[in-house]
Amino acid sequence: MAVPAFQTSPGMRDILAPESARWRRFTQVFADVVEGAGYRQIISPIMEDLGVFTRIGEATDVVTKEMYDFVDKGGRHVALRPELTASVCRAFVEHRPVTPWKAWYSGSQFRYEKPQRGRYRQFDQVGIEALGADDPYLDVEVIALGWEFYRRLGLQQVRLLVNSLGEPDDRARYVEALRAHFAAAGDQLSEQSRVTLTKNPLRVLDSKRREDTTFVASAPTIDEFWSDAAAAHFEAVRDGLVALDIPFTVELKLVRGLDYYRHTTFEFQGLTLDSAQNALGGGGRYDGLVESLGGPPTAGIGFALGLDRTLLACDDEGTFPAPGATVDAFVVDTTGGREALVITAELRAAGLSADRAYEQRSMKAQMKAADRSDAALSIIVGTDELAAGTVTVRPMRGGEQSAVARADMVTTIQHLLSIHQNTEA
RNA sequence: GUGGGCGUAGCUCAGCUGGUGGUAGCGCCAGGUUGUGAUCCUGGAGGUCGGGGGUUCAAGUCCCCUCGCUCACCCCA
């Protein structure tokens, strides 16, 4: 038997440069936006007790069939986090920070699903959560930060959908109305939707099957069931969005997949992504989730934005490209490599980025490597330079090369780089 | 989880109805240029044709299984 060629597990992958640098920048841009609004980072464990996530809702697919759960060696039933809102609420209960508590996060999450483009078993999201404030204008702030993030990435083709699921009682009455409506359709409804109806009538609204479209279209809408308080809350949210000039569409049949939402829900759709995976991100208000995790009654709202799909949208719009990698200086040494070792260390100590070649390759090969590194300068050391105590500094993007005394090398290079930057700017 | 499509060098791909030695481009390495990259020329390395089994005188090409990717459903980021 030959040695097996290992591959990543299904739905999981390696992110190599330059895409990895793009991921890093993605998170950095997000952090800049939300830190500027008073949100502070939380780094939580990648797995939790299973119970933390079952509070998301026993009827959600995320809990019932997509959980990466197992029993560890201590007999604890744990799960890789399928989302981060529940973890953040668990942390809130555990640490009881002063409210309003505003946190942001980034990281991998796991759902055991059949992989598809833009849908992986290990996927990355960035998000924010604001706990302890029941204020419709906080809803607006949260939505606005998501909107601003897309703007910073350069995305234009994003649509914001908003809805309100009302208060728990409103929602319960609406669910009953939906159940009656779809039940009346009998077996004209698709078989799968009839199954969904028994578990979670709300999600029948999400069906994309042709048999269901007329019944979905004629279904009652949530606005008929809003209490006065719920209607007022949603009215304030819409008014706030208008005040901030954020365009939105009220979508009364917008049903998010997680059961804990009440009042405001919203979703950002990528208009260039015409596949079924067009949700770039979404969120909503989840007053009550903290309580279900053993904490005091606490209001909460937040969102999560998917990294993969957002980057696909960026690709489509030709924005936020992967940054190119470059280096200040590449050291070419034909005297054995010892000089290159010392010179790169000296340059790095001076705060410059420096790379070099290995294995004593030919000068031509080393120059080729210098070119490939996209270095601004190459620093050449041959037997002549070694004897004279100099190095040859060669600009790689045009200009004359020159001999420089070793003692003046760093300052000369710093000078050349600053000139170079000025001419490029 | 269900169904459709695909799987040939590091990458992008030729390979017609199974028939004599598996393409090409890019990339990589070396030489042309006894110290100078990005251009040009020449040469070279690199392939279990995803894996396994079967049909056949003969399989990259047909059949079955399997793995992976992809699209739709489901669901969602």
Side-chain angles (χ1 to χ4, degrees), chain A residues 1-13 16 56 59-66 82-85 106-127 146 190-193 195-196 199-200 203-212 254-258 267-270 273-283 303-313 330 332-335 357 359 361-375 377-386 392-398 400-401:
Chain A
M1 278 292 278
V3 177
F6 289 111
Q7 297 176 283
T8 55
S9 290
M12 302 187 178
R13 65 254 207 259
L16 308 180
I56 294 168
T60 64
D61 287 353
V62 168
V63 171
T64 56
K65 61 180 195 188
E66 297 171 4
E83 58 127 49
L84 268 153
T85 302
S106 71
S108 289
Q109 286 135 78
F110 304 83
R111 291 182 196 170
Y112 194 90
E113 296 184 280
K114 185 138 180 176
Q116 234 178 79
R117 182 187 166 99
R119 184 174 76 178
Y120 302 95
R121 286 183 177 175
Q122 177 176 351
F123 61 101
D124 271 60
Q125 290 185 321
V126 294
S190 69
E191 192 177 331
Q192 287 177 64
S193 284
V195 174
T196 306
K199 295 189 296 190
N200 191 341
R203 258 212 311 288
V204 178
L205 293 175
D206 266 343
S207 171
K208 287 162 192 153
R209 286 172 295 272
R210 189 171 299 164
E211 318 91 274
D212 299 334
L254 174 67
V255 180
R256 305 279 312 153
L258 304 170
E267 182 169 304
F268 297 103
Q269 286 187 349
L273 274 50
D274 57 2
S275 70
Q277 272 71 48
N278 69 348
L280 299 179
F303 65 62
L305 312 180
L307 181 149
D308 293 295
R309 288 182 197 174
T310 303
L311 289 182
L312 287 175
F330 192 100
V332 172
D333 174 6
T334 58
T335 68
E359 299 179 321
R361 304 227 281 147
S362 70
M363 180 165 193
K364 178 171 177 163
Q366 291 191 51
M367 286 303 296
K368 220 173 163 180
D371 186 54
R372 202 159 30 220
S373 76
D374 200 34
L377 304 168
S378 58
I379 311 301
I380 302 166
V381 182
T383 47
D384 294 351
E385 286 87 349
L386 193 57
T392 296
V393 177
R394 177 180 173 83
M396 297 299 280
R397 300 163 200 167
E400 289 291 307
Q401 69 181 40

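Computed from a predicted model, the values in this text were never measured in an experiment. Quick note on labels: first sequence line is chain A, next is B, and so on, each numbered from 1. Computed from heavy atoms alone, side chains included, the values below leave out hydrogens, waters and symmetry copies.
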**OP:** Taking atom P in both B:G7 and B:C13, compute the distance separating them and give it to the nearest angstrom.
**Re:**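 That atom pair is separated by 11 Å.
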
**OP:** Take atom P in B:U17 and the same atom in B:G54, then report the distance between them in whole Å.
**Re:**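 Result for the P pair: 26 Å, nearest Å.
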
Grab the [atom1]-[atom2] distance between [X] and [N] for me, whole Å please.
{"X": "A:E83", "N": "B:C76", "atom1": "CD", "atom2": "P", "answer": "12 Å"}
{"X": "A:Q116", "N": "B:C76", "atom1": "CD", "atom2": "C1'", "answer": "10 Å"}
{"X": "A:E211", "N": "B:A72", "atom1": "CD", "atom2": "P", "answer": "18 Å"}

Original post:
So, is A:R372 close to the B:C28 phosphate, meaning a side-chain N or O under 4.0 Å from OP1 or OP2?
Top reply: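 Answer is yes, contact under 4.0 Å.
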
Original post:
Does the ring of A:F110 carry A:R121 above it, NZ/CZ under 6.0 angstrom from centre and within 45° of its axis?
Top reply: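 No cation-pi geometry.
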
Original post:
Is a side-chain donor-acceptor pair under 3.5 Å present for A:E385 with A:T392?
Top reply: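 Per modelled atom types, A:T392 and A:E385 side chains form a pair under 3.5 Å.
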
Original post:
Between A:R209 and A:S193, is any side-chain donor less than 3.5 angstrom from a side-chain acceptor?
Top reply: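 Result is yes, a qualifying pair exists.
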
**OP:** For A:R361, answer base if it contacts any base atom (sugar-phosphate contacts may also be present), sugar-phosphate if it contacts only those atoms, and nothing otherwise; contact means non-hydrogen atoms under 4.0 Å.
**Re:**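 A:R361: backbone/sugar contact only, no base atoms under 4.0 Å.
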
Original post:
Within the structure shown, what part of the strands sits under 4.0 Å from A:L280 by heavy-atom distance: base, sugar-phosphate, or nothing?
Top reply: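 Answer is sugar-phosphate: A:L280 comes under 4.0 Å of backbone atoms only.
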
Original post:
Is a donor on one side and an acceptor on the other found under 3.5 Å between the side chain of A:R394 and the backbone of A:I379?
Top reply: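 No; judged by distance alone, with no hydrogens or angles, the pair does not exist.
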
Original post:
For A:G282 and A:T334, take the nucleotide of RNA chain B holding the closest heavy atom to each; which residue's nucleotide lies nearer the 5' end?
Top reply: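 The 5'-side residue here is A:T334.
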
Subject >> Residue closer to the 5' end of RNA chain B, A:K114 versus A:A365 (nearest nucleotide) >> reply: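 Upstream on the strand: A:K114.
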
